[in-house]
Amino acid sequence: MNITELEIGDVVYAAKDITDDGSMPDCSEGQVLASSGSRGVIVMKGHIEETPQQAVFLVRFEDKSLTLGRPIGCWAEDLSIDS
């Protein structure tokens with residue numbers, strides 16, 4: 001299955017450390033938001049107006065206590081379907 005075919009509610013994993021690009025409130029640029037291998041769930045799927053062919057996903061990743069964190073915007077290349 002291709003990442004772009006995934007839908008809301010599907011489970012994904014961080015393919016690499018996902019860091020703040022400076023757009024997350026209350027975070028520092030470069031701060032790790034989800035560590036590589038973290039499990040998450042897709043809560044929204046869409047695209048950016050300027051590049052409608054490129055999917056963007058809002059994903060809530062689990063922390064060490066298995067609590068879902070706040071949604072993080074991810075590109076398909078940030079995600080994996082395998083842990």
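Everything quoted here is computed from the prediction, not taken from an experiment.
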Residues 72-80, side-chain donor-acceptor partners within the protein, below 3.5 Å, at least two apart:
| unit_1 | atom_1 | unit_2 | atom_2 | d |
| --- | --- | --- | --- | --- |
| Asp78 | OD1 | Lys16 | NZ | 3.4 |
| Asp78 | OD2 | Trp75 | N | 2.9 |
| Ser80 | OG | Asp82 | N | 3.0 |
| Ser80 | OG | Asp82 | O | 2.9 |

Inset, instruction - Evaluate the side-chain contact (heavy atoms from CB on, under 4.5 Å) criterion for residues Leu58 and Ile42: first the C-alpha distance (whole Å), next the side-chain angles of each, then the deciding distance (0.1 Å), finally the verdict. - result: CA-CA 6 Å; Leu58 279 182; Ile42 297 172; over 6 Å; no

Inset, instruction - Only counting residues at least two apart or in another chain, list the ones meeting side chain to side chain contact (heavy atoms under 4.5 Å, CB included) with Asp17. - result: Val32, Ser35, Ser36

Inset, instruction - Spell out, as yes or no, whether a donor-acceptor pair under 3.5 Å connects the side chain of Arg60 to the backbone of Gly69. - result: yes

Legend entry - Linked, directly or transitively: Val43 and Leu68 (ILVMFWY side chains, under 4.5 Å): yes

Legend entry - Closest heavy-atom pair and its distance - Tyr13, Phe61: C-CE2, 4.2 Å

Legend entry - Straight-line distance of His47 NE2 to Phe57 CZ, nearest 0.5 Å: 12.5 Å

Legend entry - Trace of the side-chain contact (heavy atoms from CB on, under 4.5 Å) decision for Val41 with Val59: CA-CA 5 Å; Val41 62; Val59 180; 5.9 Å; no

Inset, instruction - Inspect the surroundings of CZ in Arg39 and state if more than 12 heavy atoms from other residues, nucleotides or ligands are less than 6.0 Å away. - result: no

Inset, instruction - I would like to know whether Lys45 and Leu6 meet side-chain contact (heavy atoms from CB on, under 4.5 Å); could you show each step before the answer? - result: CA-CA 9 Å; Lys45 179 181 175 183; Leu6 296 174; 5.7 Å; no

Review item, side-chain donor-acceptor pairs of residues 18-25, under 3.5 Å, at least two apart:
| unit_1 | atom_1 | unit_2 | atom_2 | d |
| --- | --- | --- | --- | --- |
| Asp20 | OD1 | Gly22 | N | 2.9 |
| Asp20 | OD1 | Ser23 | N | 3.1 |
| Asp20 | OD1 | Met24 | N | 3.1 |
| Asp21 | OD1 | Ser23 | N | 3.0 |
| Asp21 | OD1 | Ser23 | OG | 2.5 |

Inset, instruction - Compare all side-chain heavy atoms of Cys27 with those of Arg70 and state whether any distance is below 4.5 angstrom. - result: yes

Inset, instruction - Would you check if the side chain of Asp63 reaches a backbone N or O of Leu66 as a donor-acceptor pair within less than 3.5 Å? - result: yes

